[in-house]
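FYI, side chains are in, hydrogens and waters are out, and symmetry mates aren't considered; it's all heavy atoms of this structure. Start at 1 with the first residue, then count along the sequence.
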Amino acid sequence: MSAEYDVIYVAEATEASCEAWEKLLSRLRNNKLPWQQAIADCNPRAPGHWLNQRAVRGQMVRLLSRHSDNPSVTKEYLERLAAMTGHNRARLYEGRWVAAEGSVYPEFCERHIMTPIALPDDWPWYVGVDPGFDHPCAILWFCVAPNGTIIIADELYRGGKSVAEHAADIKFRNVGRDVRRYMADPQQAFSRTAFSSKSIAEQFKDQGLRFTGWPHTAGNAEAMVNAVRELLKSDRLRVFSTCTDTIREFQSWSYKRTSTGELPAGDDQFEDRDNHAMDVVRGCVAAGMPFRPVATVSVE
């Protein structure tokens with residue numbers, strides 16, 4: 001973070017996080033050139049990916065290039081790309097930002113994404129955490145409306161942070177929010193490892209945050225996914241447009257296929273990637289997030 005640059009170039013930037021990109025932007029301060037610029041190249045991914053969304057919002061200038069722009073591309077190479085199927089063909093050959101084929105939540109679409117609004121003070125909030133250090137830690141804030149609609153209104157999605165750092169940021173974002181319950185992965189958050197004498201939940205407790213586990217996923221994964229799917233079908237689950245990683249995972253998390261194209265049985269049918277926020281969503285939905293108004297007393 002003490003570095004200074006005039007030009008930063010990130011290849012295949014869809015593999016970087018939005019947080020990493022923003023940190024790089026903060027390093028454009030060398031001022032040896034008359035301008036400072038960050039450049040990202042990539043192949044298209046899901047339409048909700050943070051990089052595509054920044055371009056859609058006009059935060060970046062998008063320069064489209066086609067295979068015909070590259071004189072080294074051969075006819076044989078193009079034929080191989082053209083022979084691809086589904087979202088791979090759309091992304092790598094046609095250059096379109098499309099959701100993955102075989103998405104776990106094909107019901108998720110633009111109508112589930114809403115512009116952030118101020119939410120009433122008396123609506124309850126819930127916080128869910130899928131722990132991670134080497135892979136991203138996903139922290140989501142859910143706000144529940146009186147009719148039971150669940151709004152994913154905030155997120156933190158990052159790796160390489162300590163429990164104390166996560167706890168500090170959770171407390172900061174909790175200001176003004178009536179948080180009723182903190183939930184976490186029942187295995188990862190409550191198991192002790194060789195790296196710590198305390199579980200992640202115990203470390204959060206030391207920071208003043210008491211977590212309980214959502215239902216175990218083993219043997220229940222499909223039922224938990226179906227519960228989220230029913231909320232999507234009935235339009236009772238919404239996501240603020242600022243929760244870009246949650247949106248990306250809704251569009252990217254997919255079913256796993258065997259070499260013969262079949263779905264594996266049981267919990268193995270789901271890909272173990274693009275699912276950190278999705279683990280939080282299905283876990284918290286399975287645990288239940290009811291709307292319970294705060295009792296009030298009137299005195300004359």
query = Hey, are the side chains of Q251 and Y105 touching, using non-hydrogen atoms and a 4.5 Å cut-off?
reply = no
ask   = Do the non-hydrogen side-chain atoms of T217 and N220 ever get within less than 4.5 Å of each other?
value = no
inquiry  = Please find the pair of heavy atoms, one from A38 and one from L25, that lie closest to each other, and give the distance.
reply    = CB-CD2, 3.6 Å
key: Inter-residue atom distance D154.CG - W125.CH2, 0.5 Å rounding   = 6.5 Å
task = Would you confirm whether D206, through its side chain, and F204, through its main-chain N or O, come within 3.5 Å as a donor-acceptor pair?
result = no
request  = Give a yes or no answer on whether the side chain of H135 reaches the backbone of G132 with a donor-acceptor pair at less than 3.5 Å.
outcome  = no
request  = Before accepting this row, confirm whether a basic side-chain N of the pair D169/R158 lies closer than 4.0 Å to the acidic partner's carboxylate O.
outcome  = yes
message = So which atom in N52 and which in P47 form the shortest heavy-atom distance, rounded to 0.1 Å?
response = ND2-O, 2.8 Å
request  = I would like to know whether I8 and Q37 meet side chain to side chain contact (heavy atoms under 4.5 Å, CB included); could you show each step before the answer?
outcome  = CA-CA 7 Å; I8 296 173; Q37 188 175 59; over 6 Å; no
query = Just by modelled atom types, is the A277 backbone N or O under 3.5 Å from a matching donor or acceptor in the D130 side chain?
reply = no
query = Between E230 and K233, does at least one N-O distance fall below 4.0 Å, as a salt bridge requires?
reply = yes
message = Under a 3.5 Å cutoff, is there a donor and acceptor pairing between the side chains of R236 and S234?
response = yes
inquiry  = Is the shortest side-chain heavy-atom distance between V280 and V129 below 4.5 Å?
reply    = no
message = Show the nearest heavy-atom pair for residues A184 and A189, with the distance to one decimal.
response = CB-CB, 3.6 Å
task = Determine yes or no for a side-chain-to-main-chain donor-acceptor pair under 3.5 angstrom, with D41 supplying the side chain and E12 the backbone.
result = yes
message = Determine whether W50 and Q53 satisfy the following criterion, side chain to side chain contact (heavy atoms under 4.5 Å, CB included), listing intermediate values before the conclusion.
response = CA-CA 5 Å; W50 65 266; Q53 290 302 308; 5.5 Å; no
query = What about F270 and Y255, are their ring centers closer than 6.0 Å?
reply = yes
inquiry  = Just verifying a value: how many Å separate W214 CH2 and D185 CG, rounded to the nearest 0.5 Å?
reply    = 5.5 Å
inquiry  = Whether E19 and K23 form a salt bridge (side-chain N of Lys/Arg under 4.0 Å from carboxylate O of Asp/Glu) is what I want to check.
reply    = yes
query = What do the steps show when you test I151 against F142 for side chain to side chain contact (heavy atoms under 4.5 Å, CB included), and what is the final call?
reply = CA-CA 6 Å; I151 301 170; F142 303 83; over 6 Å; no
task = Could you please spell out the steps behind the side chain to side chain contact (heavy atoms under 4.5 Å, CB included) verdict for I139 and I170?
result = CA-CA 8 Å; I139 307 173; I170 289 173; 4.1 Å; yes
message = Looking at T149 and A145, would you say the former's side chain and the latter's main chain have a donor-acceptor pair under 3.5 Å?
response = no
message = Under a 3.5 Å distance rule, please check whether K171 uses its side chain to pair with a backbone N or O of G208 as donor and acceptor.
response = no
key: Minimal non-hydrogen separation, W97 against N43, with atom names   = CH2-O, 4.4 Å
query = Rounded to the nearest 0.5 Å, how far does SG of C143 lie from CG of L119?
reply = 4.5 Å
Verify same cluster id: Y157, L24 (apolar side-chain graph, 4.5 Å) = no
inquiry  = Is it the case that the side chain of E107 and the backbone of R229 share a donor-acceptor pair, with hydrogens and angles ignored and the cut-off at 3.5 Å?
reply    = no
ask   = If only atom types and distance count, is the side chain of H112 paired as donor or acceptor with the main-chain N or O of L232 below 3.5 Å?
value = yes
inquiry  = Parallel, tilted or perpendicular, judged at 30° and 60°: which one describes the rings of F108 and F250?
reply    = parallel
query = Does the side chain of Q36 pick up a donor-acceptor pair with the side chain of N30 at under 3.5 Å?
reply = no
request  = Can you label the angle between the W123 ring and the F291 ring as parallel, tilted or perpendicular, going by 30° and 60°?
outcome  = perpendicular
key: Sidechain N-carboxylate O distance under 4.0 Å for E4, R27   = no
key: Which atom of P136 lies closest to which atom of H276, heavy atoms considered   = CD-NE2, 3.6 Å
ask   = Using a distance-only test with no angle check, is there a side-chain donor-acceptor pair under 3.5 angstrom linking E155 and T246?
value = yes
request  = State whether K32 and D6 are salt-bridged, where the test is any N-O pair (Lys NZ or Arg NE/NH1/NH2 against Asp/Glu carboxylate O) under 4.0 Å.
outcome  = no
inquiry  = Restricting to non-hydrogen atoms, name the atom on P124 and the atom on P290 that form the minimum distance, rounded to 0.1 Å.
reply    = CG-O, 3.9 Å
task = Quick one: pull up CZ in F133 and OG in S162 and give me the separation to the nearest 0.5 Å.
result = 8.0 Å
task = May I ask you to check whether over 12 heavy atoms, not counting those of R57, lie within 6.0 Å of atom CZ?
result = yes
task = Say whether, by atom type as modelled, one donor and one acceptor occur between the side chain of N70 and the main chain of H67 under 3.5 angstrom.
result = no
ask   = Is any NZ, NE, NH1 or NH2 atom of the basic residue among D69 and R66 found under 4.0 Å from an Asp or Glu carboxylate oxygen of the other?
value = no
key: Distance-only side-chain donor-acceptor flag, R177 / N174, under 3.5 Å   = no
task = Measure from the side-chain N and O atoms of R62 to the backbone N and O of A55, and report whether any donor-acceptor pair falls under 3.5 Å.
result = no
Pairwise distance CD(E165) to CD(Q207) - rounded to 0.5 angstrom = 10.5 Å
Polar side chain donor-acceptor pair, N88 to Y93, under 3.5 angstrom = no
ask   = Once you round to the nearest 0.5 Å, how far does CD1 of I200 lie from CD of Q188?
value = 7.0 Å
